[in-house]
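Written below as structure tokens is the structure these notes are about.
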Protein chains: 2
Amino acid sequence: MDYMIDVGTQIFQKLTPVKRQKVFQSAISEFAEQGYRKASVNNIVRTAEISKGSLFQYFSSKRKLFTCTVNASAVLVKDYLKNVRNETTGENFFDRLEKIILSGFRFIDKHPLMARIYFQLLQSGEAPFGSEQVMELRRNAERFLGELILEAMSKGELRRDLSTDKVSFIIYSLLESLLRAYYSDFIGESSGIYKASPEGLTIWVRTVIDFLRDGISNRG
Amino acid sequence: MDYMIDVGTQIFQKLTPVKRQKVFQSAISEFAEQGYRKASVNNIVRTAEISKGSLFQYFSSKRKLFTCTVNASAVLVKDYLKNVRNETTGENFFDRLEKIILSGFRFIDKHPLMARIYFQLLQSGEAPFGSEQVMELRRNAERFLGELILEAMSKGELRRDLSTDKVSFIIYSLLESLLRAYYSDFIGESSGIYKASPEGLTIWVRTVIDFLRDGISNRG
DNA sequence: GGGTCAGGTGACCATGTGGTCATTCTATCT
DNA sequence: AGATAGAATGACCACATGGTCACCTGACCC
């Protein structure tokens, strides 16, 4: 569980991995299910089976505990992105994009709680830190897309008259919508994306990408 | 202020319009600025300059008060949509879409608090009611778009091989992204949409729509 | 065995919450 | 002026919150 490196105080780091994991997982569940505000420290210590005093020795405050949680999920996301980027270098832009989106779905499958925390943070105003950190997460994703786009442009796969920022914004919007629809019942239900089968998902992704291509790909 | 019709108990309805307005506005401000969970009844009562007992005579609970707030904003949104639809009947689909989006920006300018409540509800998991009501709001918007799309298809303005649902999803995603970017600092700042000038906004909208057109318009 | 001390503990604290209700006020009618 | 009804009031309630701290425990060393 290398995404837990440097999480919490030294005392927390000295714990046995299994206990550390139990505490951290309890926090993740609570935050994911309740959101930051409603999440209760009392609940966390109860399910982690530690005393409240201990928790505050591991993480100096509720806020710190939450930011650790968020950082861990950000590390996971970055990892996924890096992997899919490396696995697809050299491929066509649209193929890469397809794989990125599908990898997003896989991330949600594997780390539903982390995904929930990440999304909640990204869009809700209930961020407990200043919005700078949230913007940092966003900028990260946009930078990632931006680089892909520039690369694709230089290879002549995309029209050159488009502004990178605007294309990046558009793609990011669609990407985020797809992922949100997949993990959230009340968004994805009407579209049929929520918990769709792999085949259904692939169709959706292809549709959106075909649509993107006809819009921004280099014709001629 | 006809969006306040049927809001609250009979006692509330008997109040003078100015007092009613003051109470309701206080609630709207608090909910918009703090979100449902953190919003404090005590704050609302303080800024409305009434006693707590009175508020609970006007609205039987915090939750009811909030749903009234939401309903009011939904009424406003519907009104805006109906207007722009009527004003643009007969026009080209993409022109209509442009006007719809611009009208969305105007809505945010005129009713920033309402917009905030509406968006918060639409995307955050902190909805205090069952997700059905949230889904209802979404379905509403999608139905609206869906009808426009069908109409445009029947007039031959759009490719006919596209599924209405998927096109509707895509457009809705972009529309929502644009509006969210306009009203939210930490989303819109990097793109430059946040509080952009009317000209800047128009450029953005045109870009997105041009992009949409090349993607889904009928090239014949 | 006695001393040491890092780490665990949970009773406790101040504060804030949504909600209630006995009382008071006020406007209208006789 | 007195009576009456209905609305306004705020002290009060039970509860939950994040956070603290004086105490206890148990492993280690001499």
Side-chain angles (χ1 to χ4, degrees), chain A residues 7-70 117 126-130, chain B residues 7-70 117 126-130:
Chain A
V7 153
T9 64
Q10 294 88 337
I11 297 178
F12 184 63
Q13 289 301 326
K14 281 194 224 144
L15 260 41
T16 65
V18 48
K19 184 167 182 182
R20 227 163 53 214
Q21 187 63 21
K22 187 172 182 183
V23 173
F24 204 54
Q25 268 303 322
S26 304
I28 288 172
S29 306
E30 181 74 4
F31 283 128
E33 280 158 26
Q34 311 289 348
Y36 175 74
R37 202 96 67 196
K38 201 188 170 193
S40 156
V41 177
N42 295 322
N43 273 351
I44 295 175
V45 300
R46 200 175 305 127
T47 69
E49 292 177 292
I50 59 171
S51 70
K52 213 202 273 207
S54 289
L55 185 69
F56 280 93
Q57 234 166 0
Y58 302 156
F59 303 89
S60 48
S61 70
K62 184 189 182 185
R63 177 174 300 212
K64 274 250 174 68
L65 174 53
F66 183 68
T67 63
C68 285
T69 289
V70 170
I117 288 174
E126 82 152 340
F129 6 60
Chain B
V7 153
T9 64
Q10 294 88 338
I11 299 179
F12 184 64
Q13 289 300 325
K14 281 195 225 144
L15 261 39
T16 64
V18 47
K19 184 167 181 183
R20 226 164 52 214
Q21 187 62 21
K22 187 172 180 183
V23 172
F24 203 53
Q25 267 304 322
S26 304
I28 288 171
S29 306
E30 180 74 4
F31 283 129
E33 280 157 26
Q34 311 289 348
Y36 174 75
R37 202 95 68 197
K38 201 190 170 193
S40 156
V41 176
N42 295 323
N43 274 350
I44 296 174
V45 162
R46 202 174 304 127
T47 70
E49 292 177 293
I50 58 170
S51 70
K52 214 203 276 206
S54 289
L55 185 70
F56 280 94
Q57 232 167 0
Y58 303 155
F59 304 89
S60 49
S61 70
K62 184 188 181 185
R63 177 173 301 211
K64 273 251 175 69
L65 175 54
F66 183 67
T67 64
C68 285
T69 289
V70 170
I117 288 174
E126 82 152 340
F129 5 60

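Computed from heavy atoms alone, side chains included, the values below leave out hydrogens, waters and symmetry copies.
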(Q) Using a 4.0 Å heavy-atom cut-off, does Lys64(B) contact any base of the nucleic acid, only the sugar-phosphate backbone, or nothing at all? (A) nothing

Q. Nearest-Å distance, CZ (Phe59(B)) to P (dA8(D))?
A. 13 Å

Q) With sequence neighbours left out, what residues match Gln25(B) under side chain to side chain contact (heavy atoms under 4.5 Å, CB included)? A) Tyr3(B), Gln21(B), Ile28(B), Ser29(B), Leu113(B)

Q) Under the side-chain hydrogen bond (donor to acceptor under 3.5 Å, both in side chains) test, which residues partner Asn42(A), sequence neighbours left out? A) Lys52(A)

Q: Take the protein atom CD of Gln10(B) and the nucleotide atom P of dG6(D), then report the distance between them rounded to whole Å.
A: 13 Å

Q) With under 30° as parallel and over 60° as perpendicular, where do the rings of Phe24(B) and Phe59(B) fit, or are they tilted in between? A) parallel

Q. dG18(C) P sits how many Å from Gln34(B) CD, rounded?
A. 11 Å

Q. Does the ring of Phe31(B) carry Lys62(B) above it, NZ/CZ under 6.0 angstrom from centre and within 45° of its axis?
A. no

Q: Please confirm whether the backbone N or O of Ser60(A) pairs with a side-chain atom of Thr9(A), one donor and one acceptor, at under 3.5 Å?
A: no

Protein N or O to nucleotides 5-7 of chain C N or O, pairs below 3.5 Å:
unit_1	atom_1	unit_2	atom_2	d
dG7(C)	OP1	Lys14(A)	NZ	2.5

Q) In chain order, what residues pass the side-chain hydrogen bond (donor to acceptor under 3.5 Å, both in side chains) check against Gln10(B), with sequence neighbours excluded? A) none

Q | Check: Glu30(A) side chain, Val41(A) main-chain N or O, donor-acceptor pair, under 3.5 Å | A | no

Q) When the distance from CD of Gln13(B) to P of dG6(D) is rounded to whole Å, what number comes out? A) 18 Å

(Q) Please enumerate all residues that pass salt bridge (charged side-chain N to carboxylate O under 4.0 Å, His left out) together with Lys22(A), with sequence neighbours excluded. (A) Glu49(A)

Q: For nucleotides 12-28 of chain D, just jot down a letter per nucleotide in 5' to 3' order: B, S or -, based on protein non-hydrogen atoms under 4.0 Å.
A: -----SBBBB-------

